[in-house]
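Written out below as structure tokens is the structure these notes cover.
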Amino acid sequence: MAAAIGRGFLAQTCSSSPRFLRTTVSKPLLHEPSIFWSAKPRTSPRFLRTVVRAQQRPTWLPGLDPPPYLDGTLAGDYGFDPLGLGEDPESLKWYVQAELVHARFAMAGVAGILFTDLLRVTGISNLPVWYEAGAVKFEFASTRTLLAVQLLLMGFVETKRYMDFISPGSQAKEGSFFGLEAALAGLEPGYPGGPLLNPLGLARDIKNAHDWKLKEIKNGLLSLIH
């Protein structure tokens with residue numbers, strides 16, 4: 001191990017003694033190096049490994065220690081929880097699911113905006129700009145009808161999702177969804193599967209699909225910002 005001291009000194013350490021460091025200091029103007037003993041204890045390899053491991057943990061603010069309940073196992077966990085909302089383990093599970101659902105809605109919204117803008121720009125359809133769509137009166141149904149249908153459909157889906165969160169796997173049992181359970185076989189709460197919701201068969205091993213989860217949550221949060 002070597003370290004530069006000032007401009008003209010080079011300190012080299014030896015491991016001949018467990019309590020002391022033998023240090024050789026070479027001066028550029030002298031022919032013979034001088035040797036002295038230092039009572040500074042050597043750094044423990046275990047301590048070095050701990051420091052390196054802590055530095056490898058990515059955080060939202062470099063140098064900031066993340067909360068102990070955010071250990072980096074969750075997808076997209078960079079230790080950001082200034083309000084301490086995730087201190088309760090049960091609440092943390094729900095917040096994870098809520099963030100995931102909001103991220104997916106945001107991604108669906110961005111995809112809808114880009115698709116309708118593409119149809120409008122190319123002249124295929126005379127659709128309004130997305131930020132003016134709420135003021136347009138649709139001919140196929142009234143606003144009240146659309147709101148009622150949305151509440152019914154969304155209420156049904158969210159109820160099923162909440163029941164699966166409370167009792168994981170309960171919504172995949174035979175007879176729980178009009179005989180379509182096999183086509184909607186879930187991987188784990190928040191990650192449905194089957195040929196209808198996972199036609200490409202991505203992340204079949206959901207326990208080890210950390211990269212896929214991380215990419216999804218990053219894209220979702222980016223969509224939420226936009």
Side-chain angles (χ1 to χ4, degrees), residues 74-76 80-83 85-86 88 90-203 206 212-226:
L74 295 174
F80 181 79
D81 189 16
L83 301 180
L85 300 177
D88 182 19
E90 294 299 323
S91 298
L92 180 59
K93 292 180 181 179
W94 177 253
Y95 287 136
V96 169
Q97 297 298 319
E99 182 185 41
L100 187 60
V101 171
H102 286 120
R104 289 171 177 172
F105 272 118
M107 287 189 288
V110 171
I113 291 173
L114 296 177
F115 180 71
T116 53
D117 280 353
L118 180 62
L119 295 179
R120 179 176 54 84
V121 171
T122 56
I124 298 177
S125 179
N126 188 21
L127 295 173
V129 184
W130 65 272
Y131 52 82
E132 297 178 354
V136 177
K137 186 176 182 180
F138 296 95
E139 298 179 356
F140 61 90
S142 64
T143 303
R144 293 181 179 179
T145 303
L146 292 175
L147 180 60
V149 172
Q150 182 178 3
L151 287 177
L152 288 175
L153 295 178
M154 289 295 298
F156 176 76
V157 172
E158 286 299 297
T159 301
K160 298 282 288 183
R161 186 176 68 85
Y162 180 74
M163 293 172 65
D164 189 67
F165 174 78
I166 297 298
S167 179
S170 62
Q171 304 307 301
K173 295 181 180 179
E174 185 178 356
S176 62
F177 192 70
F178 310 113
L180 299 176
E181 299 81 15
L184 301 171
L187 303 176
E188 69 178 26
Y191 293 93
L196 291 181
L197 297 178
N198 190 15
L200 300 180
L202 301 177
I206 195 65
W212 286 107
K213 293 179 179 180
L214 181 60
K215 291 177 181 179
E216 181 184 33
I217 200 65
K218 281 185 175 181
N219 288 315
L221 294 178
L222 184 62
S223 300
L224 282 169
I225 295 174
H226 285 76

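Given the structure is predicted, the values throughout are model-derived calculations rather than measurements.
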Spacing of CG belonging to L214 relative to CD belonging to E216, to within rounding of 0.5 Å: 10.5 Å

Non-hydrogen atoms of A106 and G220 that approach each other most closely: CB-O, 4.1 Å

Interatomic spacing from CG in L224 to CG in L222 - rounded to 0.5 Å: 9.0 Å

Would T143 and K137 satisfy side chain to side chain contact (heavy atoms under 4.5 Å, CB included), going step by step from the backbone distance to the final call? CA-CA 8 Å; T143 303; K137 186 176 182 180; 5.8 Å; no

Could you tell me which residues satisfy side chain to side chain donor-acceptor pair (under 3.5 Å) with K160, sequence neighbours excluded, listed by chain and number? Q171

Minimal non-hydrogen separation, I217 against A103, with atom names: CD1-CB, 4.3 Å

Let me confirm one number: the CZ-OG distance from F115 to S125, rounded to the nearest 0.5 Å. 9.0 Å

Taking only Lys NZ, Arg NE, NH1 and NH2, and the carboxylate oxygens of Asp or Glu, determine whether K213 and E188 approach each other closer than 4.0 Å. yes

Out of curiosity, Q97 CD to Y191 OH, how far, rounded to the nearest 0.5 Å? 7.5 Å

Can you list the steps and then say if W94 with Y162 is a side chain to side chain contact (heavy atoms under 4.5 Å, CB included)? CA-CA 10 Å; W94 177 253; Y162 180 74; 3.8 Å; yes

Does atom OH of Y131 have more than 12 heavy-atom neighbours, drawn from other residues, nucleotides or ligands, at distances under 6.0 Å? no

What's the separation between atom CZ in R104 and atom CG in N219, rounded to the nearest 0.5 Å? 12.5 Å

Without swapping roles, check the side chain of D81 against the backbone of L85 for a donor-acceptor pair under 3.5 Å. yes

When rounded to the nearest 0.5 angstrom, what is the spacing between CG in L74 and NZ in K93? 11.0 Å

Just so I know, are the side chains of L119 and N126 near enough to count as touching, which here means a heavy-atom distance under 4.5 Å? no

Return yes if some donor-acceptor pair links the side-chain N/O of N198 with the main-chain N/O of L202 below 3.5 Å, else return no. yes

So does I113 get a backbone contact from the side chain of T116, meaning a donor-acceptor N/O pair under 3.5 Å? yes

Any side-chain heavy atom of W212 sitting closer than 4.5 Å to one from I206? no

List in chain and number order the residues that pass side chain to side chain donor-acceptor pair (under 3.5 Å) with E158, two or more places apart in sequence or in another chain; answer none if no residue qualifies. R161

Given the rule in the side chain to side chain contact (heavy atoms under 4.5 Å, CB included) test, do L146 and F140 qualify, once you have shown the distances and angles that lead to the verdict? CA-CA 10 Å; L146 292 175; F140 61 90; 3.8 Å; yes

